[in-house]
Amino acid sequence: MGGLATVTMGSANPQQAETVTAQVSELFEDLERELSTYRSDSTVSLLAKNAGVNPLAVPEATWRVLNLAHHFGQLSEGTFDVTVAPVVKLWGFGGTSALANLPSKEEIQDQLKFVDYRRVILKGQTVFLPFKGMAVDLGGIAKGYAVDRAFDSCRDAGIKDFLIDLSGNIRVSGRPDWGEDWQIGVRDPFDRSRIIGKILLRSGMALATSGSYERFVEIASLRYSHIIDPRTGYPVTGTASVTVLARDATSADSFSTCFFVMGLKEAGGILQKTPPVDVLIVPDIYPTEIWLTSGLAEAFDPLPELSNGVKILTPAAT
Ligand code: AMP
Ligand code: MG
């Protein structure tokens with residue numbers, strides 16, 4: 001899945017830790033075989049090959065993730081849309097070489113025709129992408145899903161205190177050896193070597209961050225973020241990073257992508273309708289502002305020099 005996975009265990013004995021680590025890495029490898037965009041033999045790649053041709057019987061994880069993606073597509077009013085894949089590809093994300101030029105308006109419109117999660121036909125564990133050219137990209141949800149499955153494995157193995165981190169998609173259980181609650185640093189989107197503050201995570205909770213610094217392409221020496229607004233076909237601008245606190249990692253992952261697209265201006269509206277999630281948004285402006293919903297305001301401890309920039313984001317703010 002193009003990132004580093006770590007499982008930190010508190011009180012587990014070393015033998016138990018070894019067994020669970022092996023289980024979790026096998027689980028991640030299995031999921032990658034199904035959900036990866038980068039493997040030509042993954043289920044996701046087969047789906048694209050069968051677009052406009054045949055419905056494909058898919059394994060369990062693909063089925064579940066695509067159903068969840070549909071659900072989050074609805075909740076996010078289409079700002080989270082896994083069928084954005086052809087546009088992601090057009091902008092050169094996941095490609096091997098940098099693009100020399102921006103895609104043209106016409107090229108973008110051509111690929112946008114294939115973008116609409118509501119067109120994906122999910123029926124009896126088969127999936128059909130009805131038009132040739134359609135594809136799905138699960139990069140905004142698969143890691144969160146993987147973390148939730150790993151969380152279940154660890155709990156099922158009888159481990160109480162642990163933290164799972166898959167490239168910034170985090171979920172915790174119990175408490176660390178050294179304190180009451182797990183504490184997670186939120187990276188400064190303008191300076192990777194720093195954090196802007198820390199978040200206390202209660203047992204069972206999940207955290208995900210979408211940042212424009214994580215992955216981007218450079219075209220004619222300008223940086224474009226890897227998250228596309230499915231309504232326009234253009235990479236999102238105006239947001240530097242979004243962190244979401246939720247009750248499970250799949251929700252945190254998909255909502256971090258959704259709020260990244262919505263940005264500060266539109267976030268308030270969607271917050272009124274979402275299930276209980278809390279969000280921290282850092283707009284792409286200077287000096288740094290950190291906008292938080294009230295639930296996160298309690299859990300977030302900013303660096304002292306940034307505390308003047310902390311502001312409360314209310315559901316009615318739009
Ligand atoms: P994340 O880092 O979780 O925000 O996920 C970003 C990844 O999700 C990108 O690298 C793309 O693979 C994919 N993606 C980009 N834009 C969207 C979108 N609007 N909805 C869903 N997935 C997206
Ligand atoms: Mg995400």
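As the structure is a computational prediction, the values presented were derived from the model and not from experiment. First listed ligand is number 1; within each ligand, the first listed atom is number 1.
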Look up atom [atom1] in [X] and atom [atom2] in [Y], then write down how far apart they are to the nearest 0.5 Å.
X: L27; Y: R149; atom1: CG; atom2: CZ; answer: 8.5 Å
X: H71; Y: T250; atom1: NE2; atom2: OG1; answer: 10.5 Å
X: Q23; Y: E18; atom1: CD; atom2: CD; answer: 12.5 Å

Which of the atoms of ligand 1 are close to [X], meaning less than 4.0 Å from one of its heavy atoms?
X: T79; result: 18 (C), 19 (N), 20 (N)
X: P230; result: 19 (N)
X: D253; result: 3 (O)

- Does the side chain of Y234 reach to within under 4.5 Å of the side chain of K105, using non-hydrogen atoms?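 Yes, close enough: below the 4.5 Å cut-off.
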- Query: So, does F80 sit close enough to ligand 1 that a heavy atom of it is under 4.0 Å from the ligand?
  - Reply: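 Yes, F80 has heavy atoms under 4.0 Å from ligand 1.
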- Message: Given the Mg ion (ligand 2) as the apex, I'd like the angle to O of D253 and OG1 of T257, rounded to 10 degrees.
- Response: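 It is 90°, given to the nearest 10°.
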Min N/O separation [X] to ligand 1 under 3.5 Å:
X: S210; answer: yes
X: I228; answer: yes
X: V88; answer: no

- Stepwise, does the side-chain contact (heavy atoms from CB on, under 4.5 Å) test hold for V82 with F72? CA-CA 10 Å; V82 294; F72 290 116; over 6 Å; no
- Message: Out of T209, V84, T37, who is nearest to atom 17 (C) of ligand 1 when you count heavy atoms only?
- Response: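 Nearest heavy atom to atom 17 (C) of ligand 1 lies in V84.
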- Task: Answer with yes or no after comparing the ring centroid distance for F162 and F151 against a 6.0 Å cut-off, counting only values under it.
- Result: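 Yes: the rings meet the under 6.0 Å criterion.
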- Does any N, O or S atom of S210, backbone or side chain, fall under 2.8 Å from the Mg ion (ligand 2)?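 So S210 does not count as coordinating the Mg ion (ligand 2).
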- NZ/NE/NH1/NH2 to OD/OE distance under 4.0 Å, K113 and E106: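 Looking at K113 and E106, the cut-off is not met.
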